[in-house]
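Values in this document were obtained by computation on a predicted structure and should not be read as measured data. Protein chains get the first letters and strands the later ones, always in sequence-line order, with residue 1 at the start of each.
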Amino acid sequence: MSTHSSTVLDPNWFIRPTCVVAADLIGKILCRRVTDTDGQEKVLRMRITETEGYIGLQDTACHTHAGSRTARTEVMYAEGGVFYVYLTYGIHHMLNLVTSVAESPESVLIRAGFLTEDSDRLLNEMDKPPREQLTHHSQFAGPGKLTKRLSVSRDLSGLPIAPETGLWVEDDGCQPPVSLRPRIGIDYAGEAKDWLLRYIWTAHPSLSKP
DNA sequence: GCGGGGATCCTCT
DNA sequence: GAGGATCCCCGCT
């Protein structure tokens, strides 16, 4: 049980420079409304430990590089405060939060986090296979695993980051130490692959990589 | 219409 | 550390 009070981040909170949002999101709580086995609505709460910024036209690792604008990437051109979800490697859904002003197609990828204690117990109870029930689920290291466990998929793309959509972010005042790293999995991106746009909760065990 | 590649993860060695 | 899973997306014809 948390004794801290949390406030919901308004979609307008994301209409700021992408690097600032990506750094500020470390320690915030990603909240997902789910239905448990009894048909009861519950909320899973995952504290964010790792993000990456993708900064639009000049960023060769970004889907909107050089102004590329397709049906998939259209939502990135919206005003900050909506989701951008896409499929990669044919398997994994990637959860992004669109940032900055309209026509500035940038976003923050959520890469890792860990469940609050209450949510960890809830997810264990919801898992059907007995073998899974013994597994400790609290660490969500990697963007594909994270979306799978939180049931995030493409149908959320373009919807607002708000409780009405069932996925939102809360702030309870947590301010962990943050370090910068190069982004993961973008070796093809020329000099942009070395940009320090990956933000991590310093030395946290839930990170996808140190 | 088609072909190649990808902001990953898991398994096997 | 290497490789396969698996399929949407995009660029080209």
(message) In dot-bracket form, 5' to 3', how is DNA chain B paired? Count Watson-Crick and G-U wobble pairs only if both distances fall under 3.5 Å, and write | where the partner sits on another strand.
(response) ||||||.|||||.

(request) Hey, could you give me each pair passing salt bridge (charged side-chain N to carboxylate O under 4.0 Å, His left out) that has a residue in residues 183-210 of chain A? Not counting sequence neighbours. (result) A:E50-A:R198, A:D59-A:R183

(message) Filter on salt bridge (charged side-chain N to carboxylate O under 4.0 Å, His left out), then keep only pairs touching residues 77-97 of chain A, sequence neighbours left out; what's left?
(response) none

(request) Not counting sequence neighbours, which residues clear side chain to side chain contact (heavy atoms under 4.5 Å, CB included) with A:P17? List them please. (result) A:V20

(message) If the condition is side chain to side chain contact (heavy atoms under 4.5 Å, CB included), which residues does A:E103 pass it with, not counting sequence neighbours?
(response) A:R69, A:Y77

If I take atom [atom1] in residue [X] and atom [atom2] in nucleotide [N], what distance separates them, rounded to the nearest angstrom?
X	N	atom1	atom2	value
A:H65	B:dG6	NE2	P	14 Å
A:I110	B:dT8	CD1	P	14 Å
A:R198	B:dT8	CZ	C1'	14 Å
A:R183	B:dG6	CZ	P	15 Å

(message) Measuring only the C1' atom in each nucleotide, how far is B:dG5 from C:dG3? A whole number of Å is fine.
(response) 16 Å

(request) Kindly indicate whether the side chain of A:W195, heavy atoms from C-beta on, has any atom under 4.5 Å from the side chain of A:I55. (result) yes

(request) For the residue pair A:L150 and A:V34, establish whether any side-chain heavy-atom pair is separated by less than 4.5 Å. (result) no

Tabulated below should be each protein N or O lying under 3.5 Å from an N or O of nucleotides 6-9 of chain C; please produce it.
| unit_1 | atom_1 | unit_2 | atom_2 | d |
| --- | --- | --- | --- | --- |
| C:dT6 | O2 | A:Y89 | O | 2.6 |
| C:dC7 | O4' | A:G90 | O | 3.3 |
| C:dC9 | OP1 | A:R154 | NE | 3.0 |
| C:dC9 | OP1 | A:R154 | NH2 | 2.9 |
| C:dC9 | O3' | A:R72 | NE | 3.1 |

(message) Under 4.5 Å side-chain heavy-atom separation, chaining through any Ile, Leu, Val, Met, Phe, Trp or Tyr, what else clusters with A:L207? Say none if it is isolated.
(response) A:I200

(request) Show which residues join A:V75 in its hydrophobic cluster (side-chain heavy-atom contacts under 4.5 Å, direct or indirect), or state none. (result) A:Y54, A:M76, A:V82, A:Y84, A:Y86, A:M94, A:V98, A:L109, A:I186, A:Y188

Dump every N/O contact between nucleotides 9-13 of chain B and the protein below 3.5 Å, one line per pair.
| unit_1 | atom_1 | unit_2 | atom_2 | d |
| --- | --- | --- | --- | --- |
| B:dC9 | OP1 | A:G142 | O | 3.3 |
| B:dC9 | OP1 | A:P143 | N | 3.1 |
| B:dC9 | OP1 | A:G144 | N | 2.8 |
| B:dC9 | OP1 | A:K145 | N | 3.3 |
| B:dC9 | O4' | A:H92 | NE2 | 3.1 |

(message) Same cluster or not: A:L30 versus A:L159, using hydrophobic residues (I, L, V, M, F, W, Y) connected whenever any side-chain heavy atoms lie under 4.5 Å apart?
(response) yes

(request) Using side-chain contact (heavy atoms from CB on, under 4.5 Å) as the criterion, point out the one residue from A:V43, A:D10, A:I29, A:L9 that pairs with A:W168. (result) A:V43

(request) Would you mind telling me which of A:V178, A:L197, A:V108 makes a side-chain contact (heavy atoms from CB on, under 4.5 Å) with A:T51? (result) A:V108

(request) Please name all residues satisfying ring-ring contact (aromatic ring centres under 6.0 Å, His included) with A:H92, sequence neighbours left out, ordered by chain then number. (result) none

(message) Using a strict heavy-atom distance below 4.0 Å, which residues from residues 47-57 of chain A are in contact with DNA chain C?
(response) none

(message) Suppose the criterion is side chain to side chain donor-acceptor pair (under 3.5 Å): which pairs have a residue in residues 17-31 of chain A, not counting sequence neighbours?
(response) A:R16-A:D24, A:T18-A:T99, A:T18-A:E106

